[in-house]
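A, B, ... follow the sequence lines: proteins, then strands. Residue 1 opens every chain. None of these values were measured; they are calculated from a predicted model.
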2 protein chains.
Amino acid sequence: MPDVSMTTTSERTTPQLGATSEMSSAVGSSDVEELLGIAQIAAISGLSQDTLRWYERQGLLPQVPRGSDGRRRYSPRHAAMVVLLARLRATGMPVEEMRAFSTLVSAGAATHGRRLALLQRHEERIHQRQNELQQALDLVRAKAAHYRELIAAGLDCDGAPVDADTAVQQARGTP
Amino acid sequence: MPDVSMTTTSERTTPQLGATSEMSSAVGSSDVEELLGIAQIAAISGLSQDTLRWYERQGLLPQVPRGSDGRRRYSPRHAAMVVLLARLRATGMPVEEMRAFSTLVSAGAATHGRRLALLQRHEERIHQRQNELQQALDLVRAKAAHYRELIAAGLDCDGAPVDADTAVQQARGTP
DNA sequence: GTAGGTCCTGGAGTTCGCTCCAGCGCAAGC
DNA sequence: GCTTGCGCTGGAGCGAACTCCAGGACCTAC
């Protein structure tokens, strides 16, 4: 589904969640030029620029500072927040809850406990999703194994032998 | 989000995917009365009755046989199919692909290979989701640990000590 | 026969989470 | 000065997957 064309102004970007920052070369940490534009943040987080702007409008992100030209300049802290949010979202946290988290973050150090609680609830949700996935995986594998047997034995779903034509057909799709 | 009220005509049902059938008592397999109504299928699969009907209209389910009263009567085979579909859906298979699978099933034994291929593609998708979840889990745990440290040490996000009021607040949400 | 419960159909409505777009501004390069 | 590239805003639009509902049929029990 994601479009992978890399034309000049590509909106959809390929995720590179691993790359925490490797593009600024030798300057170290000059504290001012660690600020990133929306294109970089999109590349790092895997979210589209539109999505980043939308998140901000929705209050999912603490207000992002702007440069003198009115453009967004994300601090490393913002970048980390975006990456976290992207991961939360990708693992099923509803936008509403992300907003709650963001609100807590904006509210300062006094909300650490509640942020922690929120993350723990999400951790629980992740565990549930993991279980679901594992169960589905088991079922899918069992089904697949079943089909492999039927194909190998040249049988139909009721265990009756299939004719030659069908047997040839059966093997299609499994090169 | 799911509503758990169990009033007389409950539409939303609680999943019981484990119960393959345990309600028909001693009769064994009389071949005619293993047929289940939509309410049972909903209970077994965790899908709502509306969703089951919608899936059928969408061609996600081979035509379900009807009783003399026009109601749906699901055979054990249909039931198994619904459960499989529910799990595929729950693990991110788009409806379009479920339709493709269902079409292959309806087409008979000659499509075993292609069904297998489709399931293997989904297996791959499941693995990807598992990786995503694991990465998110790691990140969430790291963040949570960080918050726990800050709370224990009574620090704010910049490593500066917080005042007493704030420290009390910090602990809220983590009983 | 009538009340209650379950199910039917077809179609409209809803939610979520983006995605697209027009119209504009700014800055750099030619 | 003009073009090109990148970004901005606000609002409309969209696709996926349900969910809800009105109006009706049928069966069972009382």
Task: Atom pair distance, as rounded to whole Å: CG in B/L85 and P in D/dA17 - done: 13 Å
Task: For B/D69, all residues meeting salt bridge (charged side-chain N to carboxylate O under 4.0 Å, His left out), sequence neighbours excluded - done: B/R71
- [ ] Respond yes when some side-chain nitrogen or oxygen of B/R66 is under 4.0 Å from OP1 or OP2 of C/dT9, and no when none is.
- [x] yes
Open item on the list: In this structure, how many angstroms lie between the C1' atom of D/dG15 and the CH2 atom of B/W54, rounded?
Closed with: 11 Å
Task: B/S48 vs D/dT19: side-chain N/O to OP1/OP2 distance below 4.0 Å - done: yes
TODO: Could you tell me whether the phosphate oxygens of D/dT19, OP1 or OP2, come under 4.0 Å of any side-chain nitrogen or oxygen in B/T51?
DONE: yes
- [ ] Using a 4.0 Å cut-off on protein heavy atoms (strictly under), produce a 5'-to-3' string for nucleotides 21-30 of chain C with B for base contact, S for backbone-only sugar-phosphate contact, and - for none.
- [x] ----BB----
- [ ] Answer yes or no: does a side-chain N or O of B/R73 lie under 4.0 Å from OP1 or OP2 of C/dC8?
- [x] no
TODO: Check the angle between the aromatic planes of A/Y147 and B/F101 and answer parallel, tilted or perpendicular using the 30° and 60° thresholds.
DONE: perpendicular
TODO: Calculate the interatomic distance between A/I38 atom CD1 and D/dC8 atom C1'; express it in whole Å.
DONE: 9 Å
Open item on the list: Can you tell me if A/R89 touches the phosphate of C/dC18, counting only side-chain N or O atoms and a distance under 4.0 Å to OP1 or OP2?
Closed with: yes
TODO: Taking the side chain as every heavy atom from C-beta outward, state whether A/V82 and A/L52 have any atom pair closer than 4.5 Å.
DONE: yes
Open item on the list: Could you check whether any side-chain N or O of B/T103 sits under 3.5 Å from a backbone N or O of B/R99, counting only pairs where one atom can act as donor and the other as acceptor?
Closed with: yes
Task: Comparing A/G70 and B/E96 on DNA chain D - which has the more 5′ nearest nucleotide - done: A/G70
Open item on the list: In this structure, how many angstroms lie between the P atom of D/dC18 and the CD atom of B/E56, rounded?
Closed with: 15 Å
TODO: Mind calculating the distance between CG (A/L60) and C1' (C/dC18) to the nearest angstrom?
DONE: 12 Å
Open item on the list: For B/Q130 and A/Q134, which I'm curious about, is there any donor-acceptor pair between the side chains at under 3.5 Å?
Closed with: yes
TODO: Output yes when at least one side-chain N/O atom of B/Y55 is less than 4.0 Å from OP1 or OP2 of D/dC18, else no.
DONE: yes
Task: Minimum-distance nucleotide to B/V95 side chain [options: D/dC8, D/dA17, C/dT9] - done: D/dA17
Open item on the list: Could you tell me if A/Q135 and A/N131 have a donor-acceptor pair between their side chains, going purely by distance under 3.5 Å?
Closed with: no
Task: Gap between atoms CG and C1', on B/L88 and D/dA17 respectively (whole Å) - done: 16 Å
Task: Closest to side chain of A/Q49, choosing from D/dC18, D/dG7, C/dC7 - done: D/dG7
TODO: Could you state the atom-to-atom distance from CG of A/L36 to P of D/dC6 in whole Å?
DONE: 16 Å
- [ ] Check the distance between D/dC18's P and B/M93's CE and give it to me in whole angstrom.
- [x] 13 Å
Task: Short side-chain to backbone donor-acceptor contact, A/S106 and A/S102, under 3.5 Å - done: yes
